[in-house]
Amino acid sequence: MKESKKVVTTEGTTQFSAELIAKMEEAKNCFPEGKEKSAILKILHLAQAEFGWLSVHSMDQIAEILRVEPIEVYEVATFYTMFHLEPVGKYVFEVCRTGPCMLVGSDQLIEYIGHKLNIGIGETTKDGLFTLKTAECLGGCGYGPLLQCRHRFHEHLTPEKIDSLIEQYQRGEIKPGAL
Amino acid sequence: MTNRKLLLEHLDVPGIQGIDAYVKHGGYASLKKALQKMSPDEVVEEVKKSGLRGRGGAGFPTGLKWSFLAKPEGIPRYLVCNADESEPGTFKDRYLMEKIPHLLVEGMILSSYALGAKTSYIYIRGEFMYVLEILQNAINEAYAKGYLGKNIFGSGFDHDLVITPGGGAYICGEETALLESLEGKRGNPRIKPPFPAVKGLWASPTVVNNVESIAAVVPIVRDGGDAYASIGIGKSTGTKLVSACGNLERPGVYEIELGLSVEEFIYGDNYCRGIAKGKKLKACVPGGSSVPILPHHLVTKTAAGEQRLMTYESLADGGFQSGSMLGSGGFIVFDEDQCIVRNTWNFTRFYAHESCGQCSPCREGTGWMEKVLHRLETGKGHLRDIDLLADINKKIEGNTICPLGDAAAWPVAAAIRHFRDEFEWHVTHPEEAQIRNYGLIQQPLVA
Ligand SMILES: Cc1cc2nc3c(=O)[nH]c(=O)nc-3n(C[C@H](O)[C@H](O)[C@H](O)COP(=O)(O)O)c2cc1C
Ligand code: SF4
Ligand code: FES
């Protein structure tokens with residue numbers, strides 16, 4: 001697996017803090033005894049919010065916390081599109097590209113963002129700040145075109161709004177929406 | 001037509017997100033009424049009488065579904081709320097949960113009482129993490145007031161409500177995939193039977209209901225099932241949240257009385273106010289991306305020339321030949337400049353992307369259709385590709401574990417049925433098809 005090489009380089013940087021582990025244990029407590037595995041998605045989100053992505057090292061620690069085999073964490077993490085399995089920029093712009101958003105201009109918007117940041121879809125800017133991704137319907141179809149970044153929705157987007165959004169993120173003015 | 005609101009009635013009340021304002025406007029009165037004056041079966045009876053049909057897409061009668069729940073002794077039963085809302089065009093549940101979170105919380109406790117569930121779960125799509133926080137606050141408030149926890153309203157009924165996020169997978173809206181996901185696994189749909197009512201969450205009897213269905217139980221218990229059933233037409237009773245999007249003057253979420261005319265909904269001042277920028281209506285997908293598309297002449301009128309109404313029956317009038325479905329209430333409108341081929345390709349790409357991959361007709365078929373549609377859309381297709389699509393379609397439909405396969409197949413069949421000329425144009429005008437949509441010159445934002 002090509003992932004394994006990266007683990008070596010990121011080892012140590014994805015070590016869970018006691019505080020993070022406590023939050024994960026709390027998530028487990030929401031479910032009956034013996035069914036703690038149900039907390040896995042919440043726990044993956046917690047780890048990703050902390051490190052920006054999910055390393056194999058993170059997933060291995062989660063396996064320990066949930067007392068399951070590592071493969072049980074990998075197979076879940078790889079199924080769900082919200083989880084980044086490779087390092088990404090500090091801010092990941094996930095722009096909806098599905099029908100209703102396309103009707104109001106998402107194709108052109110995606111192109112504009114790529115042009116503005118000088119990256120393609122799936123790429124990260126050289127300064128490590130922004131990654132551009134596309135997403136399927138984000139459940140905000142009446143407010144498109146839109147994007148999501150760190151659990152925050154930015155809706156009714158135009159090129160002008162993108163310009164100012166990028167500046168605000170660069171200045172660190174926009175805090176995560178949740179977690 | 002009157003414009004009664006049962007769910008969004010108090011939308012504009014300041015602070016209605018919080019429990020105090022909610023209670024002040026009649027909140028938790030239904031719960032109190034049920035717990036103190038009604039037996040669980042009486043609640044189920046009212047829901048049956050109301051004629052409420054599942055608001056998640058399939059429209060199955062909620063009371064009937066509840067009565068199928070197996071009730072063996074000594075095994076817990078569960079209510080699971082489907083807040084995965086991921087059918088393209090649908091954004092009504094998010095609106096309801098964000099604006100009036102306690103309506104869902106009250107509905108959950110109330111429905112759990114009816115079903116005899118001591119624990120219930122809300123599974124909400126991971127992208128709605130901020131909504132999860134709003135709901136978690138509401139749940140915490142309900143615990144603090146004693147509406148959740150032990151011995152609610154002194155009735156002896158105990159209940160715990162847990163909310164948990166998904167991870168971004170459309171398929172987890174399908175109820176058995178949702179249950180798999182809730183158990184901490186990949187979201188692969190299960191083969192039915194057994195149905196969740198017999199073997200659901202952790203193999204216990206489980207009811208899965210949509211957010212809006214559960215919220216509707218609150219006014220049903222408050223006013224009685226008969227009062228609810230008096231709204232609407234025939235078997236389409238009560239009110240429905242419709243999320244309108246696409247090229248509309250005023251897209252958004254509207255609570256309508258079932259039976260409103262489609263014309264009034266699209267053009268009326270209280271609703272969408274017509275097509276954006278004064279353009280003409282080209283087509284409409286009235287119930288989320290999985291339902292058949294209707295060309296403009298079949299949107300406001302049926303093939304028989306009758307007024308098309310916002311009801312399960314009227315939208316389906318004409319079957320798949322000339323009708324569609326109310327579905328989830330994701331109402332997508334296309335103006336005259338939109339390319340049907342491009343949109344069909346886009347939707348198919350969505351299904352190909354979201355197929356869980358378990359059954360080959362769906363996994364391979366959606367990918368294949370996407371390729372063929374992309375070829376057509378970019379002017380590289382052949383006329384025989386159109387029939388090829390129809391052929392792939394037939395091979396998917398009805399041959400898969402879950403309905404995602406059908407959901408992917410139907411829109412393509414409908415698009416070809418009503419807009420064949422447009423598909424052919426893409427073949428006969430290959431150069432133009434590469435630089436412009438059917439009828440629309442793409443305006444790039446980047447020069
Ligand atoms: C592919 C697929 C996706 C679905 N997505 C949703 C969804 O996002 N939300 C929802 O409530 N129901 C969804 N459903 C329907 C559910 O399987 C289920 O019928 C519904 O939650 C039942 O609730 P109801 O009877 O209250 O409508 C989906 C079904 C399929 C096949
Ligand atoms: S029809 Fe598609 S989504 Fe449904 S189980 Fe089969 S492969 Fe998975
Ligand atoms: S299509 Fe973009 S949010 Fe639904």
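Order of the sequence lines fixes the chain letters, A, B, ..., with proteins taken first and strands second; residue numbering starts at 1 for each chain.
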For G187(B) versus F79(A), what's the shortest heavy-atom pair and its separation? N-CE2, 3.2 Å
Which one wins on heavy-atom pair count under 4.5 Å against chain B: L66(A), T98(A), I40(A)? T98(A)
Distance in Å, R186(B) CZ paired with T78(A) OG1, rounded so as to fall on 0.5 Å steps: 4.5 Å
For a quick test of reading the model, state the closest non-hydrogen atom pair linking G167(B) to H45(A) and the distance between them. CA-NE2, 4.0 Å
Rounded distance (nearest 0.5 Å) linking atom CG of L103(A) with atom NZ of K282(B): 10.5 Å
Measuring heavy-atom distances to chain A, does Y130(B) have an atom under 4.5 Å in its side chain, in its backbone, in both, or in neither? both
Part of Y170(B) lying under 4.5 Å from any heavy atom of chain A: neither
Need one label for Y351(B): side chain, backbone, both or neither, based on atoms under 4.5 Å from any heavy atom in chain A. neither
Applying side-chain hydrogen bond (donor to acceptor under 3.5 Å, both in side chains), name anything that partners E72(A), two or more places apart in sequence or on another chain. K37(A)
Rounded at 0.5 Å granularity, tell me how far NZ in K35(A) sits from CG in L182(B). 11.5 Å
Between L132(B) and chain A, with a heavy-atom cut-off of 4.5 Å, which part of the residue counts as in contact: side chain, backbone, both or neither? neither
Is the closest side-chain heavy-atom distance between C137(A) and F91(B) below 4.5 Å? no
Can you name the closest pair of heavy atoms from F350(B) and E136(A) and give their distance? CD1-OE1, 3.4 Å
Would you sort out whether S181(B) and Y80(A) count as a side chain to side chain donor-acceptor pair (under 3.5 Å), showing the intermediate values? CA-CA 10 Å; S181(B) 183; Y80(A) 297 91; 2.9 Å; yes
Among all residues two or more places apart in sequence or in another chain, which pass the salt bridge (Lys or Arg N to Asp or Glu O under 4.0 Å) test with K126(A)? none
F153(A) to E127(B) - nearest heavy-atom pair and separation: CE1-O, 3.3 Å
V333(B) versus chain A, heavy atoms under 4.5 Å apart: side chain, backbone, both or neither? backbone
Residue T90(B) versus chain A: region with a heavy atom under 4.5 Å: backbone
Using side-chain contact (heavy atoms from CB on, under 4.5 Å), reason through H353(B) and T81(A) one step at a time and then give a plain yes or no. CA-CA 10 Å; H353(B) 186 267; T81(A) 54; 3.8 Å; yes
If you take all heavy atoms of E183(B) and S38(A), which pair is closest and at what distance? CA-OG, 3.5 Å
Audit row: Y121(B), F31(A), ring pair (Phe, Tyr, Trp, His ring centres under 6.0 Å) steps and yes/no: CA-CA 10 Å; Y121(B) 296 92; F31(A) 295 94; 5.6 Å; yes
With a 4.5 angstrom heavy-atom cut-off, which part of R125(B) approaches chain A: side chain, backbone, both or neither? side chain
What closest approach, in Å, do P100(A) and C245(B) show between heavy atoms, and which atom pair accounts for it? CB-SG, 3.7 Å
Chain B contact via Q148(A) - side chain, backbone, both or neither, heavy atoms under 4.5 Å: side chain
Considering only heavy atoms, which portion of R97(A) lies under 4.5 Å from any heavy atom of chain B: side chain, backbone, both, or neither? both
